[in-house]
Number of protein chains: 2
Amino acid sequence: MTDKKEKIITVALELFANEGYSTTATSKIARKAGVSEGLIFRHFENKKGLLEAIIKDADLKLGQVFAPIIFESDPKEVIRHTIETPFNLDKSEYNFWKLQYKLKWQEEYNNPHKMKPLYDKLTWAFTELGYQQAEEEAQLLTYILDSITMVTLRGKIEVSDKFRIFLLEKYNL
Amino acid sequence: MTDKKEKIITVALELFANEGYSTTATSKIARKAGVSEGLIFRHFENKKGLLEAIIKDADLKLGQVFAPIIFESDPKEVIRHTIETPFNLDKSEYNFWKLQYKLKWQEEYNNPHKMKPLYDKLTWAFTELGYQQAEEEAQLLTYILDSITMVTLRGKIEVSDKFRIFLLEKYNL
DNA sequence: TAATTTTGTAAGCGATTACTCACTTTTTAT
DNA sequence: ATAAAAAGTGAGTAATCGCTTACAAAATTA
């Protein structure tokens with residue numbers, strides 16, 4: 001991948017995540033990336049193609065983030081690691097996560113099955129730990145963590161460390 | 001309020017909620033409302049003014065929706081009623097809720113304090129019921145319900161009645 | 001090295017955007 | 001009844017949008 005092509009993707013991710021896809025003009029992306037506007041269309045055909053290239057990159061990354069959980073064999077550690085994920089978000093990855101959550105509101109890019117592997121692993125973990133309704137427990141935990149993640153990304157409120165402990169205690173960790 | 005002014009608000013709410021604020025053209029709103037485009041600007045000055053008029057209406061409605069909970073005196077009923085709210089969303093009010101949640105991603109319209117009264121009432125209820133960490137419990141419950149509401153609004157997955165029961169049991173209801 | 005392909009640019013295109021303005025119709029007030 | 005105010009229209013506007021095209025530079029292949 002060319003330097004300029006990569007720069008376009010980086011800048012577009014930042015702008016799409018913070019100012020929205022449709023409100024971000026291709027001219028703005030080009031200016032901020034130090035690139036002619038035409039180059040965007042040379043590499044990605046159209047604006048939508050640029051977004052999809054970003055999403056493809058993101059899906060790859062999503063797999064990497066959750067791999068350590070998916071391959072963990074201790075059910076207690078699966079739960080602990082899952083709970084701690086939203087509290088350990090790296091600020092350099094905020095744009096990545098913001099775009100993920102924003103796109104959920106865009107019909108055609110909302111893919112609820114993207115998190116299926118994590119959900120399945122959590123169900124397994126709760127079953128192992130003797131919970132009676134493991135599926136519902138898994139569902140519940142993903143709901144909680146989604147909300148925490150979103151609140152954190154929006155940045156106006158920070159979720160306290162006390163709450164993290166509170167959660168861990170709820171799950172006997 | 002004039003009939004046509006009301007129609008503009010109704011149509012704009014529908015379009016903003018389902019297709020997004022910035023992607024919805026004022027010309028489209030006018031066409032769908034059966035009104036000249038100029039009338040929008042006569043009544044609301046600009047597109048942003050139209051959005052803010054809708055938000056103002058919505059805030060009023062938000063107060064009405066949560067009033068029965070805020071004025072409930074039985075702490076158990078406060079919790080039950082709160083949990084059941086996202087399961088009883090009227091389809092005719094989806095647009096209203098969708099816009100609420102979508103706007104949370106728009107910096108200037110994200111007001112986390114909007115739900116403060118509900119949060120405070122929940123904290124009171126959990127205290128009454130002898131929970132040790134009432135504030136965290138209130139926080140947790142609002143997180144859960146936010147996620148359920150969003151999943152429901154997106155419409156691809158429906159949250160089962162089994163999950164509702166599961167939740168009520170968790171809170172001994 | 002010569003030919004070909006890929007990467008990059010700049011100017012400009014038609015379409016659409018939010019918005020204005022001159023004007024008419026309807027409602028309200030005196 | 002009449003004047004003033006408010007509601008409503010439709011044709012325009014400049015600016016911006018995503019995108020194309022003709023061309024040049026750079027990299028790759030032969």
Hey, could you give me each pair passing ring-ring contact (aromatic ring centres under 6.0 Å, His included) that has a residue in residues 134-159 of chain A? Not counting sequence neighbours. A:Y143-B:F163

Contacts satisfying side chain to side chain donor-acceptor pair (under 3.5 Å) that involve residues 72-83 of chain A (not counting sequence neighbours) are A:E77-A:R80

List for me each residue that meets side chain to side chain contact (heavy atoms under 4.5 Å, CB included) alongside B:A125, sequence neighbours excluded, and say none if there are none. B:P75, B:V78, B:I79

Within this structure, what is the CG-to-C1' distance between B:D3 and C:dT27, rounded to whole angstrom? 13 Å

Note: chain A reaches DNA chain D at heavy-atom distances under 4.0 Å over the stretch, first to last nt, 5' to 3', of D:dC17 to D:dT20

Looking at residues at least two apart in the chain, or sitting in another chain, which of them share a side chain to side chain contact (heavy atoms under 4.5 Å, CB included) with B:T10? none

Apart from A:L13 itself, residues in the same hydrophobic cluster as defined by side-chain heavy atoms under 4.5 Å: A:M1, A:I8, A:I9, A:V11, A:L15, A:F16, A:Y21, A:I29, A:V35, A:L39, A:I40, A:F41, A:F44, A:L50, A:L51, A:I54, A:I55, A:L99, A:L103, A:Y109

CG of B:D90: more than 12 outside heavy atoms within 6.0 angstrom? yes

Any pair with a residue in residues 36-48 of chain B that passes salt bridge (charged side-chain N to carboxylate O under 4.0 Å, His left out), sequence neighbours left out, goes on the list, sorted by first then second residue, please. B:K48-B:E108

Please list, for nucleotides 3-7 of chain C, all pairs of protein and nucleotide N/O atoms separated by less than 3.5 Å.
| residue | atom | partner | partner atom | Å |
| --- | --- | --- | --- | --- |
| C:dT7 | O4 | A:R42 | NH1 | 3.0 |

Suppose clustering is done on Ile, Leu, Val, Met, Phe, Trp and Tyr with side-chain heavy atoms closer than 4.5 Å. Which residues sit in the same group as B:Y119? none

Test: salt bridge (charged side-chain N to carboxylate O under 4.0 Å, His left out). Region: residues 132-150 of chain A. Which pairs qualify, not counting sequence neighbours? A:K104-A:D146, A:E136-B:K162, A:E137-B:K170

5' to 3', nucleotides 11-19 of chain C under a 4.0 Å protein heavy-atom cut-off (B base, S sugar-phosphate only, - none) gives ------SBB

Report the hydrophobic cluster partners of B:I165, with the cluster defined as I, L, V, M, F, W, Y residues connected by side-chain heavy atoms closer than 4.5 angstrom, directly or transitively. none

